[in-house]
Amino acid sequence: MHFVNAKGIITKSGWHYGMNIYRGCSHGCIYCDSRSRCYQFTHLFEDIEVKQNAPELLEKALKSKRQKCMIGTGSMSDPYMHCEEELGLTRKCLEIIKRYGFGVAIQTKSDRILRDIDLLDEINRSAKCVVQMTLTTWDDELCGILEPNVCNTKRRIEVLEEMQKRDIPTVVWLTPILPFINDTEDNITAILNECVRVRVKGIIDFGMGLTLRDGDREYYYAALDKHFPGLKERYIKRYGNAYELPSPKAGELTEIFQRICKENGIMSNPEDCFRFMNNLPEKYQQISIWDI
Ligand code: SF4
C-alpha cells in the first residue's frame, strides 16, 4: 500500500455524498468492476492507495455543511480491507460522521465491520445508518474462488444478523450472478431465505447477470481459465465482447427473487433501495450545534 494526501474526500451526488477512503482493494473478487481500465489506476489494483488525510478532509467538509444528509461509502473499494485493521481510517471517518450528525450507508463484504458496530448503532440512533453486504454464493468452496480474501457468505449473514439485533437496516447486493457458475435456483433460494430470516430491508439485483469491461474482463477470464477450464471459451461464444452478460437462467431466477421479496415485504426494486439508502429523514436534516 502507499499513502497520499488527497485534495478532497466527498463528492456530491444528488442529495447525498459519496466517499472512498481507499483506492484499490485486497479482497481479490474475480469479477471486480472497480479494476476496470476506465477508472484509470496508475498503480496496481492490489497496491492500495490510502488517503491518509481522509478524516481531516471529511471533518473540514462536514463542518461547513449546513444541511445533513447521507454519506455513502464502499462502492469502489471495500472500507474494511485488511489494512483498515491497522489504519482505522474508516472508523475515524465514522466518528466524524456521527459527531456532525450525518447518516451513513456503508457497503462491505467483510466481517471487520463488526469492530465498528457500536458506532454504526450510535449513528443509526442519532441519524441513520444502512449496512450493505454483497452476497453471491452460498457454497463456501465457490465463495473461496470468487471472493478469495474475505469472509464467506455464511459469516456475512451473521454480520447482517448482528445488525438486525440492533435495528440497523440492511440492504443486500445479490450481484453479480455469474453465468454457468452461481446462477442456480438452489443458490439464489438459499441466499434469499437467509435474507428473509435476518430481515433485510432491501435486495439489489441488476437482472441476474454480470458486467465486464476492459481490465475487469481480462482478470475475470484469467480466473475462469484457472478455476473453470473451458468456461472462458463458452463465454466468448455466447457473449462476445458484451458489457452485459445476463445468465441464461435470468428469467426464472428473477421470478424466484421477485416472489420471495414480495412475499416477505423486502424491497426488490433498485430505485427503491437507493432512495432508502440515500435519503436522510427530514427530522435529522436540521442544523446542529457544530454548524454554529
Ligand atoms: S470487495 Fe468490491 S472492490 Fe474489493 S475486490 Fe471485491 S468487488 Fe472489488
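Basis for what follows: all heavy atoms, side chains included, without hydrogens, waters or symmetry-related copies. Order of listing sets the numbers, starting from 1, for every ligand and every atom in it. Numbers here are sequence positions counted from 1.
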With a cut-off of 4.0 Å, which atoms of ligand 1 are near a heavy atom of [X]?
X	result
Cys25	1 (S), 3 (S), 4 (Fe), 5 (S)
Met76	3 (S)
Gly28	5 (S)

query = What is the closest protein heavy atom to atom 7 (S) of ligand 1, and at what distance does it sit?
reply =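 Answer for atom 7 (S) of ligand 1: Lys109 NZ, 3.3 Å.
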
query = What's the shortest distance from atom 8 (Fe) of ligand 1 to any protein heavy atom, and which residue and atom give it?
reply =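 Checked against all protein heavy atoms, atom 8 (Fe) of ligand 1 sits closest to Cys32 SG, 2.3 Å.
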
N/O/S from Cys29 sitting under 2.8 Å away from atom 6 (Fe) of ligand 1 =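 Yes, Cys29 qualifies, because one of its backbone or side-chain N, O or S atoms lies under 2.8 Å.
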
inquiry  = Quick check on atom 4 (Fe) of ligand 1: does His27 put an N/O/S atom closer than 2.8 Å to it?
reply    =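 Of the N, O and S atoms in His27, none lies under 2.8 Å from atom 4 (Fe) of ligand 1, which means no.
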
inquiry  = Would you compute the distance between atom CG of Leu119 and atom NZ of Lys98 and round it to the nearest 0.5 angstrom?
reply    =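 It comes to 6.5 Å.
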
ask   = Once you round to the nearest 0.5 Å, how far does CD1 of Ile71 lie from CG of Asn278?
value =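 Answer for the CD1-CG pair, Ile71 versus Asn278, is 12.0 Å.
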
task = Answer yes or no on whether Lys128 is positioned over the face of Tyr284, meaning its NZ or CZ is under 6.0 Å from the six-membered ring centre and within 45° of the axis.
result =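 No; the conditions do not both hold, so Lys128 does not lie above the ring face of Tyr284.
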
Flag, side chain of Arg217 to backbone of Asn241, donor-acceptor distance under 3.5 Å =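 Yes, because the side chain of Arg217 sits within donor-acceptor range (under 3.5 Å) of the backbone of Asn241.
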
inquiry  = Can a donor-acceptor pair be found, under 3.5 Å and without considering hydrogens, that links the side chain of Ser36 to the backbone of Gly215?
reply    =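 Absent.
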
ask   = Hey, what's the ring geometry for Phe102 with Tyr17, parallel, tilted or perpendicular (30° and 60° as the breaks)?
value =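 Because their plane-to-plane angle lies in the 30° to 60° range, the rings of Phe102 and Tyr17 count as tilted.
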
message = Is the contact between Met81 and ligand 1 made by the side chain, the backbone, both, or neither, using heavy atoms and a 4.0 Å cut-off?
response =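 For Met81, there is no contact with ligand 1 at all, from either part.
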
